Amino acid sequence: MTEATGQAGSADHHFPCLAIHIMTPGVIQIPGDVSIGEAARLMHKEQVPCLLIKDTDTTIGIVTDSDIVRKVIAQGLNPYDVQSRRVMSMPVLFIEFDEPVERVSTTLMSAGVPLLIVTRNHQPIGFVTARDLISPPKRRELPIQASVKVYNERPEGVTYPAVISRLGHAGGFLETEAPMQPGARVTVEFCLPGSRRPIAAEGEVIEPSSENTVPPTGATDPAPTVAMKFTDVRAVDQADISSWIIRTRRSSDLP
């Protein structure tokens, strides 16, 4: 897996923006013999700009809105008589979730494609478009109280209070005084807003802030921030996290 790049530890605890921070979660995959008419209905129902087409075990393509317009509608063809495999574009361009946004922008421009499929361990988890780069979705400031257990030198771990300042379905940003270094193993425990069911997610630190020191008494400086990626989350917890992210993302776009 590609490690996140960029220098951490600036005064405002800035971290590189990654593909996962601007992507839309979820990718729908259909067989190649599904008609374009059915594919278009599915895209409209799910409000997605593309579908992955799995034609064979080794052949994967993609169909977008523009493919349907250019290759079917503009040609005067009946969408229900055209199979998706006849319209799909290849190859599909993928980018790992922890690649920096700069890499996303460069890939989109050099390839001249409208979107990229975002993967985690080479499995599709979402997509990112050029529009996401220009005008990323608004996000609510909704800190989540948590505790983080750090496994540095002690195998049983040491627990510290933390706040999740940004939560993604593959990781998040933690504000904590816990001393961490890149590669440190952690377990984060928290409850999603509106839920009392605890979630425990194992993870790994991607980038720490440059100074993990406790501020002087009475100081108002925020706690240092670390970026972590999940390495092991129960399926039910992963589903709840993803559902919460989608709901929060949609509601944050409301006036």
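Not measured: the values here are computed from a predicted model.
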Open item on the list: For Arg86, is the CZ atom crowded, meaning more than 12 foreign heavy atoms sit under 6.0 Å from it?
Closed with: no
**Prompt:** Counting N and O atoms only, with roles assigned by atom type, does the side chain of Lys71 sit under 3.5 Å from a partner on the main chain of Val87, one being a donor and the other an acceptor?
**Reply:** yes
Could you check whether any side-chain heavy atom of Val150 comes within less than 4.5 Å of a side-chain heavy atom of Pro179, counting everything from C-beta outward? no
Can you check side chain to side chain contact (heavy atoms under 4.5 Å, CB included) on Arg85 and Ile36, steps first, answer last?
CA-CA 9 Å; Arg85 62 167 57 97; Ile36 283 297; over 6 Å; no
Fill in: Exam field: side chain Asp240 to backbone Asp237, donor-acceptor pair closer than 3.5 Å
no
Leu93-Val101 co-clustered via ILVMFWY side chain contacts under 4.5 Å: yes
> How far apart are the C-alpha atoms of Leu52 and Val92, what are their side-chain angles, what is the distance that settles it, and do they pass the side chain to side chain contact (heavy atoms under 4.5 Å, CB included) test?
Replying inline: CA-CA 8 Å; Leu52 281 182; Val92 182; 3.9 Å; yes
Evaluate Phe97 against Met23 for side chain to side chain contact (heavy atoms under 4.5 Å, CB included), listing each step before the verdict.
CA-CA 9 Å; Phe97 76 97; Met23 78 173 194; 5.5 Å; no
So CD1 of Ile60 and CE of Met88: to nearest 0.5 Å the spacing works out to 9.5 Å
| said: A side-chain contact here means heavy atoms from C-beta on lying under 4.5 Å apart; do Cys50 and Ile62 qualify? | reply: yes
The side chain to side chain contact (heavy atoms under 4.5 Å, CB included) partner of Ser89 among Val113, Ile53, Asp67 is Asp67
Q) When hydrophobic residues are tied together by side-chain contacts of less than 4.5 Å, even through go-betweens, does Val48 share a cluster with Leu108? A) no
Between Pro79 and Val72 the two heavy atoms that sit nearest each other are CA-CG1, 3.9 Å
On a heavy-atom basis, the closest approach of Val104 and Ala19 is CG2-CB, 3.8 Å
Item to complete: Kindly work out whether a path of hydrophobic side-chain contacts (I/L/V/M/F/W/Y, heavy atoms less than 4.5 Å apart) joins Val188 to Phe230.
Response: yes
Of all heavy-atom pairs linking Ser84 and Pro31, the shortest is CB-O, 4.4 Å
Output for pair (Leu115 CG, Ser66 OG), nearest 0.5 Å, gives 8.5 Å
#### Entry: Thr24 (side chain) donor-acceptor with Gly126 (main chain) under 3.5 angstrom
no
task: Side-chain contact test, heavy atoms from C-beta onward, threshold under 4.5 Å: evaluate it for Thr225 versus Thr176 and give yes or no.
output: no
So CE of Met228 and OG1 of Thr187: to nearest 0.5 Å the spacing works out to 8.5 Å
- Task: Output, in order, the C-alpha distance, side-chain angles, deciding distance and verdict of side chain to side chain contact (heavy atoms under 4.5 Å, CB included) for Val186 and Met180.
- Result: CA-CA 9 Å; Val186 299; Met180 300 185 192; 4.1 Å; yes
Does Ser105 use its side chain to pair, donor to acceptor, with the backbone of Glu102 at less than 3.5 Å? no
Taking the side chain as everything from C-beta on, heavy atoms only, tell me whether Glu189 gets closer than 4.5 Å to Ser147. yes
Original post:
Between Leu42 and Ile30, is any pair of side-chain heavy atoms under 4.5 Å apart?
Top reply: yes
Given the rule that I, L, V, M, F, W and Y join up when any side-chain heavy atoms are under 4.5 Å apart, are Leu167 and Val236 in one cluster?
no
Can you tell if the side chain of Trp244 reaches within under 4.5 Å of the side chain of Pro193, non-hydrogen atoms only?
yes
- Task: Without swapping roles, check the side chain of Glu96 against the backbone of Asn121 for a donor-acceptor pair under 3.5 Å.
- Result: yes
Only residue of Ile241, Val148, Val163, Leu174 satisfying side chain to side chain contact (heavy atoms under 4.5 Å, CB included) with Phe190 is Ile241
CD (Glu99) and OG1 (Thr119) are apart, to the nearest 0.5 Å, by 9.0 Å
Check your understanding: Are Phe127 and Ile125 joined in one hydrophobic group, where the rule is that I, L, V, M, F, W and Y side chains link up if heavy atoms are under 4.5 Å apart?
Key -> no
Rounded to the nearest 0.5 Å, the CD1 atom of Ile68 sits from the CG atom of Leu51 at a distance of 7.5 Å
CD (Glu175) and OG (Ser165) are apart, to the nearest 0.5 Å, by 4.5 Å
Tell me whether Arg70 at atom CZ has more than 12 heavy atoms from other residues, nucleotides or ligands lying less than 6.0 Å away. yes
Output yes when a side-chain donor or acceptor of Thr59 lies under 3.5 Å from a complementary backbone atom of Asp55, and no otherwise.
-> no
Original post:
Given side chains that start at C-beta, do those of Val82 and Ser35 come closer than 4.5 Å, heavy atoms only?
Top reply: no
(message) With heavy-atom distances below 4.5 Å as the criterion, would you say the side chains of Arg41 and Tyr80 are in contact?
(response) yes
Pair Arg120 + Asp98: basic N to acidic O under 4.0 Å | no
